[in-house]
Amino acid sequence: MDTPWEQTCWRGLTVNHPADWEVAYAAGTSERPRITFSDRRYRRLDVFYEFIDFKPNIELMLDRYRREADPGVELKPLTDATGEWRGLIRHEPDGTVVHAGKFFEQAGCFVEAAVVWPDQRDKRLERDLLKGIHPCESDEPRRLWQAMGLSVAMDREYDLQKHSSRVGRIIWEFAPDPRRGPFLTVRRLAMPQHWLKVPLVDWLPSQIPGEYTEDDRRERAFNNHAGAEVVSSHRGGPATRLRRRRRLRLDVAWLCETEDRVYHISYAEESRNRSPELPDVFEIRCCREVHVPAPAGEL
Amino acid sequence: MPGKRDKSQRRMSAEQVLSAVPYRNAAMEVRRNNDGTAVVSVPMKRPRWLAPPLSWVIPFSSHRRVELDSVGAALLDLCDGTRDIEAIIEKFAADHKLSFREAQLSVTRFLQQLSQRGVVAVVGLSTEEAGAQQA
């Protein structure tokens, strides 16, 4: 493998892929699990997967696919795949698409992958790609979410409820229950030298919603970086007050110089406790390498 | 899974966008500030319909002012007619430690806005295509 590789973990699936293939689409909680990678010009890898409690008949699925395919399309069986991947090679005038499927019995996960080769098919890369697609290990109390430059190891009880990827701004929101919380939001913000004009400890209160009252503000180290922490609270709605609780919020931010990104974590819960704490099983892995693109001539 | 038609369209569009070359409007004036920001003044053509008596009540400015922050001003400097969009994205990504996709989204969106305001003209790409690409 000459080019650097990157590992993406999304909703229980791990995909190892060339670092210059970036996530173009990642399905949210209400959709069928899917993740799509593209390089600069083309969509390169589409992975659909599902956790099911029966073993699918992949040969039957392939037969059906062959029967339903356009008669003009050239289909060949995939014979040189690694492991137990079964599939078809679809030749088209403008490229080749390799459709492969595999059922991971231990995890009960059925994965369908479509590898797109706009030019010549690279069998070695294809084998490495398929070998690098597998369900995440499930015996740990935490689940790894790693994509779009962000890497979060999170308690399994928390699911990713919302995610957005705007320009230089990745936001993931986790919660065990989408209606009640507690809510943990992770933001990774690029180009801080252009927008961060004040120290983090002064910037962080501006990120707190207006209805919250700042209770405490201090400098705090996080992930071996100097950062800031703000605790704020809100008396909550009538139902919250009836339960003699308050809405508490903890905001933590730090600047990772290696990545040149500001990380901002906010944790909000309804509690009687006066000092909110981040979940025990929660880790953000910063200081990871940012894959700055090489000029086209050097690719 | 990508269909045949879908894939070929996508390929053409992405290639066209990356190989298009943005040119600065030669008639505009750029005033640079010490903090790296810039103010661009683009001459506007008076519309035909804006003749008396309409022009007596509807104000018309002969120039459109576009204010750019330091990042925008640096990006405008890269649009010198010698670099295609792909090269601009690479330079922007390297300068700001961004991945190609992050830089691509910012640069294409910014160029689309500049071309709509008449600051740059992207040769090899229509405004609709620039908008479709960033979507």
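Both backbone and side-chain heavy atoms feed into the values below; hydrogens, waters and symmetry mates do not. Here is the naming used below: chain letters follow the sequence lines, and residue numbers restart at 1 for every chain.
- Using a cutoff of 4.0 Å between basic side-chain nitrogens and carboxylate oxygens, B:E90 and A:R40 are scored as salt-bridged.
- A salt bridge links A:R34 with A:D46: at least one charged nitrogen is closer than 4.0 Å to a carboxylate oxygen.
- The contact between A:V23 and chain B is made entirely by backbone atoms, counting heavy-atom distances below 4.5 Å.
- Only the side chain of B:S70 comes within contact range of chain A, with at least one heavy atom under 4.5 Å from a heavy atom of that chain.
- Proximity to chain B is limited to the side chain of A:Q193, based on heavy atoms less than 4.5 angstrom apart.
- Using a 4.0 Å cut-off between charged side-chain N and carboxylate O, A:E84 and A:R86 make no salt bridge.
- Contact of A:S38 with chain B is made through the side chain alone, with heavy-atom distances under 4.5 Å.
- Within the 4.5 angstrom heavy-atom criterion, no atom of A:A19 approaches chain B.
- The number of heavy-atom neighbours closer than 6.0 Å to CD of A:E31, taken from other residues, nucleotides and ligands shown, is above 12.
- No side-chain donor-acceptor contact under 3.5 Å links A:N16 to the backbone of A:W5.
- Among A:R261, A:R169, A:R166, the residue with the largest count of heavy-atom pairs under 4.5 Å with chain B is A:R261.
- Formation of a donor-acceptor pair under 3.5 Å by the A:Q146 side chain with backbone atoms of A:Q7 is found in this model.
- Interface remark: B:F92 contributes side-chain atoms only to the contact with chain A (heavy atom separation under 4.5 Å).
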